[in-house]
There are 2 protein chains.
Amino acid sequence: MSAYRIALDVMGGDFAPEATLLGAIEALKAWPELEITLVGPEDLLRQKCESKEWTVDLKARTTIVHAPSVVEFHDHPTIILKEKKDSSIRVAAQLVREGACDGMVSLGHTGAAMVASTLVIGKLEGVDRPGLASPMPNIKSTPTILIEVGASIDSRPEHLACFGLMGSIYAEQVFGVMNPTVAVMSVGEEESKGTEVTLKAAELLRNSGLNFKGNAEGRDLWNGKFDVIVCDGYVGNALLKSAEGTAKLLKNGIKEALSSNWLARLGSLLIMKPLRTFFKKLDYKEFGGLPLLGIKGVSIIGHGSSDARAVKNAIRAAMTNLEHELPRRIAEGIVKMGSA
Amino acid sequence: MSAYRIALDVMGGDFAPEATLLGAIEALKAWPELEITLVGPEDLLRQKCESKEWTVDLKARTTIVHAPSVVEFHDHPTIILKEKKDSSIRVAAQLVREGACDGMVSLGHTGAAMVASTLVIGKLEGVDRPGLASPMPNIKSTPTILIEVGASIDSRPEHLACFGLMGSIYAEQVFGVMNPTVAVMSVGEEESKGTEVTLKAAELLRNSGLNFKGNAEGRDLWNGKFDVIVCDGYVGNALLKSAEGTAKLLKNGIKEALSSNWLARLGSLLIMKPLRTFFKKLDYKEFGGLPLLGIKGVSIIGHGSSDARAVKNAIRAAMTNLEHELPRRIAEGIVKMGSA
């Protein structure tokens, strides 16, 4: 592959279009092999690209594709199928479907992005439900992949097994983990513990050819015990949002504690740098966005509150997934597991 | 009620019997209205109570009840029903059932404690499934009650509605929250979002007479938005254990950051006190143990790794629940909700 051609939904996210455009500039500067298609209202984008940050080199690797409408926060995800066919999310997905781009990055309406990815780009053969995978930071050098975190709910056991396969390929290819360990989120370590669905999923995973290790517990999201943990999107979504909430509470609480008196304020100056390094490790903006696995292309779904750095990192995530040809490898994995 | 008579499973927990006995001593010293029944091997307990910490006053408020066997980590929870009828967990529950004690505290085998509480003490009329309630610390002065966190799994909608009622009474009585707000854990704020079970539970809660506010998301566990959040025990257990894991990861990471160089070490000395105050607020040992709501008595289930302070606080939790007559109030609430 000579270049990575990424469609960027410029209008997505709380700080669009400023943050998305700035993220695009930074990504283009950082990676010469990147080509970006900006998707959004043409007039606006042309005007923005007149500014001096868009050098000749960057412009040469930038295409503008017109998409007049925007999916709003309160819109139903399926709005892109009928009323808002010309929305930036839908048009970006269309570009991937038609092969004009290799992958898409969106940071706005998560539900609409999942509908666009699943129904416009389309599911891989053998994948009933695509899965949103979230790398969770821990003490090890490689994250634990939590899959699935909100693309679907009320999963059946076979969906969880498929999440295990896709998460395993993702961990192996993108994070370089050899023969990743896979576990299913349950209420206890013992094999007998679990819900009806997790018990059946464990049975499927045990016979899947994956490196299945049994049950995980909530704490295993953070201790690096497993490389991949599968669960239903409802559970994963609650876990992910809860973790964001915990981190925020702790960060604010620590900040407050550090400014509680002058001694503490002095102390906080001295510890600022190492503390910042640590919190950076836990910052979701470092990953930029989460890949929706199981579709015929690459789709990275970012946080609505993404800033330029998060947008840049989401673009990097799309490039990495393309570099490792995740869709092809997952398709092969499905065939292999089916015949196991 | 003149005195609070608490049965303590002395043999439960990783640091038993030392931590449990020390916790009992500290609790007896702190609260003159407390009477403790130590449940465990009689010879051992008699010998331990000969030490000088057990003053005449403390001994006067201490009873020893013989229970020769101990439920081990690897035992199945239902072992107390047949093989280990004479275990300390089972005997403690028996004392509550017979009215010799008002409440029990156990810190060992969570599953066995739940079986003993549910089947030996017995469920309240109208309660199909008792619920383990966990107060989650946040920025407000009162915690958010997460119910249920592991007493049962695969809940039906009517179970979740009952958890909402019990959690609401707990928040009101024990934490002094007027007309507590109740929400159901889901994947988004919108009323249309949720699993089959949470959507039906929301419908029941909307017509329950409780102060129901709709859907909660994972982050709402930490921002104080709701007083009570209901979910299935599988989800709540994963959320609770994940939060413990996050807190541990952050604490260790911060500790490491604070000792990374001599400037940071100096700084950390200056911030030690306010930081410790903050972490104390988040420490589960402050709550001591979680109440199992919906049974005909008070049962506090503590963490296996409880130290003496956690044991003391678990005993306090039992006393508080008795002071507010939680079982009677929940029984009344069930009747009232049933006729609503």
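The sequence lines fix the lettering, A, B, ..., with proteins before strands; numbering per chain opens at 1.
Summarising the geometry, atom CG belonging to A:N252 is positioned 13.5 Å from atom CH2 belonging to B:W222; distances are rounded to the nearest 0.5 Å. Between atom CG of residue B:L266 and atom CG of residue A:L266 there is a gap of 7.5 Å, rounded to the nearest 0.5 Å. The CZ atom of A:R219 lies 14.0 Å from the CG atom of B:L249; values are rounded to the nearest 0.5 Å. The structure places CG of A:N237 at 9.5 Å from CE of B:M185, a figure rounded to the nearest 0.5 Å. Summarising the geometry, atom CD belonging to B:E217 is positioned 11.5 Å from atom OG belonging to A:S242; distances are rounded to the nearest 0.5 Å.
Interface remark: B:T198 contributes side-chain atoms only to the contact with chain A (heavy atom separation under 4.5 Å). With a threshold of 4.5 angstrom between heavy atoms, A:L221 approaches chain B through side-chain atoms but not through N, CA, C or O. Using a 4.5 Å cut-off between heavy atoms, B:L263 contacts chain A through both its backbone and its side chain.
A 6.0 Å sphere centred on CD of A:E72 holds more than 12 heavy atoms belonging to other residues, nucleotides or ligands. By the neighbour-count criterion of 12 heavy atoms within 6.0 Å, atom CD of A:E190 is densely surrounded, having more than that number from other residues, nucleotides or ligands. At most 12 non-hydrogen atoms from other residues, nucleotides or ligands lie less than 6.0 angstrom from NZ of B:K248. Environment of CD in A:E191: sparse, with no more than 12 heavy atoms of neighbouring residues, nucleotides or ligands closer than 6.0 Å. In this structure, A:E158 places its CD atom where more than 12 heavy-atom neighbours from other residues, nucleotides or ligands lie under 6.0 Å away.
Taking both residues in full, the closest heavy atoms of B:V187 and A:I153 are given as CG1-CG2, 4.0 Å, listed atom of the first, atom of the second, then distance. The two residues B:Y234 and A:V235 come nearest to each other via the heavy atoms CE2-CG2, 3.7 Å.
Across B:S186, B:A243, B:G236, B:G150, the residue that shares the most heavy-atom pairs under 4.5 angstrom with chain A is B:S186. Per-residue heavy-atom pair counts under 4.5 Å with chain B were compared for A:N138, A:L240, A:L239, and the maximum is reached by A:L239.
Using a distance-only test at 3.5 Å, with no hydrogens or angles considered, a donor-acceptor pair links the side chain of B:D154 to the main chain of A:E196.
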